[in-house]
Amino acid sequence: MDYANYIARCIEIARRGEYYVAPNPMVGAVLVCNSDEQIIAEGWHEKYGEGHAEVNCFKNLETSKYPNIDLSQCTLFVSLEPCSHYGKTPPCAKLIIEKGVGRVVVGMLDPNPLVAGKGVQLLREAGIEVVVGVLEQECRELNKRFLCLHEKKRPYVILKWAQTADGFVDYKREITHLSSSTHTHLNGALAISTPATKSIVHRMRAENMAIMVGTRTVLLDNPRLLNTHWEGRNPIRVTLDRHGVIPSDARILSDESETIVYREHTEWPQVLADLAKRNIHSILVEGGPTLLAHILNTGIWDEIHIEVAPELKIGDGVPAPQIALPDKYEQVDGHRLYTIKK
């Protein structure tokens, strides 16, 4: 039996819950009959607070189609270790034991201290054969945000900006009003992204639990920071306001989504520590160069996404953060999309 093939299928179906399960991990489960190696049921974690992948897999087993199925002669494949604790749902490890499954193949162990090997231990103590560590790197990549929260005790950090061919992110603009909904800027913002690349940014918003900009971006652009061009939930909005200058009617403070404003303890490690306490496993930073430079200087980030408009030059403006671009890039609408990972 090709274990890797079935774990790959677990990873594939786990992604169906990508925009709905955070802060939980994405997990897929596949039940296979040992005799003919055919998949007889599948399930994935579909929504936070609802059934886990294993629960849904057993629920999707058509007993009318397999009336005499002996689960002791079946293998359950799951991309992440079955949970062993009572949370919003009962422990999946106990359900697997109750169902009488003969073998369980696990992509990777769960780093959550509430599980962390305890699920596998329960299964083995019940006499179930357990195999661990199949396509482990692929399973880790699937849940890099969840893993970062539990292993590094901070959210997974993604920095994103768009820049011109000559290295600017915006025109030089001045804030003219601070106290009402009329707070605007003298000159309009520089439009760099295309509709297609904007859609990619909104997908990134859906993939991450939180989105952050700095004070100046709030005052200049009055953004909503919602996910309006992709499926999934709106991210939690995060900003800084050390000097108390953000107006009460700023759109980032609307009730369209949760907002966290840091007025004290605004250093990056402090912000990340607080977000981790709130169980926020990832943050997309779309801030201006000042905020981005501060984060880059701390070295606490995981990915950088840079959009470059190769035909657009403005000669002068607000410089983009200085970082070497890799040789490889994706091209969308003629724009180059670079990804840098640590």
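In this text the structure is predicted, and so the values were computed from the model without any measurement.
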Undergrad: If you measure from CG on L292 to CG on L159, what distance do you get to the nearest 0.5 Å?
TA: 6.0 Å
Undergrad: How about I11 and C139: do any of their side-chain heavy atoms sit closer than 4.5 Å?
TA: yes
Undergrad: Once you measure the plane-to-plane angle for H202 and H229, does it fall in the parallel (<30°), tilted (30-60°) or perpendicular (>60°) bin?
TA: perpendicular
Undergrad: If you round to the nearest 0.5 Å, how far is CD1 of I260 from CG of L240?
TA: 11.5 Å
Undergrad: When you compare the side chains of R233 and N227, does any donor N or O come within less than 3.5 Å of an acceptor on the partner?
TA: no
Undergrad: Evaluate side-chain hydrogen bond (donor to acceptor under 3.5 Å, both in side chains) for H45 paired with N56, printing each intermediate quantity in order.
TA: CA-CA 7 Å; H45 186 27; N56 291 331; 5.5 Å; no
Undergrad: Under a 4.0 Å threshold between the charged nitrogen and the carboxylate oxygen, would R224 count as salt-bridged to E256?
TA: yes
Undergrad: Y6 and V30: which non-hydrogen atoms are nearest, and at how many Å?
TA: O-CG2, 4.3 Å
Undergrad: Which heavy atom in R103 sits nearest to a heavy atom in V105, and how many Å separate them?
TA: CD-CG2, 4.1 Å
Undergrad: What heavy-atom pair brings T197 and E307 nearest, and what distance separates the two atoms?
TA: OG1-OE2, 2.9 Å
Undergrad: Grab the two heavy atoms, one from A29 and one from L76, that are nearest each other, plus how far apart they are.
TA: CB-CD1, 4.3 Å
Undergrad: Please report the interatomic distance CD1(I39) to CZ(R9), rounded to the nearest 0.5 Å.
TA: 6.0 Å
Undergrad: For residues L275 and Y262, determine if any side-chain heavy atom of one lies less than 4.5 Å from a side-chain heavy atom of the other.
TA: yes
Undergrad: Measure from the ring center of Y48 to the ring center of Y20 and say whether it is less than 6.0 Å.
TA: no
Undergrad: Less than 4.5 Å apart, side chain to side chain, heavy atoms only: is that true for Q331 and L337?
TA: no
Undergrad: Does NZ belonging to K342 count more than 12 external heavy atoms closer than 6.0 Å?
TA: yes
Undergrad: Check this for me: does any side-chain nitrogen of one of E207 and R203 sit under 4.0 Å from a carboxylate oxygen of the other?
TA: yes
Undergrad: Any heavy-atom pair between the side chains of T259 and V238 that's under 4.5 Å?
TA: no
Undergrad: For the residue pair D241 / T215, report whether a side-chain donor-acceptor contact shorter than 3.5 Å exists.
TA: no
Undergrad: Could you check D170, V308, V285, I323 and say which one makes a side chain to side chain contact (heavy atoms under 4.5 Å, CB included) with W161?
TA: I323
Undergrad: Side-chain contact test, heavy atoms from C-beta onward, threshold under 4.5 Å: evaluate it for K160 versus L284 and give yes or no.
TA: yes
Undergrad: Only one of E286, H305, K341 passes side chain to side chain contact (heavy atoms under 4.5 Å, CB included) with I158; say which it is.
TA: H305
Undergrad: Is any side-chain N of the basic residue among E46 and R16 closer than 4.0 Å to the acidic one's carboxylate O?
TA: no
Undergrad: Does a salt bridge link D302 with R154, judged by any charged N lying under 4.0 Å from a carboxylate O?
TA: yes
Undergrad: Would you call D221 and R173 a salt bridge, using N to O less than 4.0 angstrom?
TA: yes
Undergrad: If hydrophobic clusters are built from ILVMFWY residues whose side chains come within less than 4.5 Å, do I283 and L296 share one?
TA: yes
Undergrad: Can you check whether A210's main-chain N or O pairs, donor with acceptor, with N208's side chain at less than 3.5 Å?
TA: no
Undergrad: May I ask you to check if K328 and Y338 form a cation-pi contact, with NZ or CZ under 6.0 angstrom from the six-membered ring centre and within 45° of the axis?
TA: no
Undergrad: May I ask you to say whether E151 pairs ionically with K144, meaning some side-chain N is under 4.0 Å from a carboxylate O?
TA: no
Undergrad: Let me confirm one number: the CD1-CG distance from I96 to L71, rounded to the nearest 0.5 Å.
TA: 11.0 Å
Undergrad: Can you name the closest pair of heavy atoms from V101 and I128 and give their distance?
TA: O-CG1, 3.5 Å
Undergrad: Would you find more than 12 non-hydrogen atoms of other residues, nucleotides or ligands less than 6.0 Å from K47 atom NZ?
TA: no
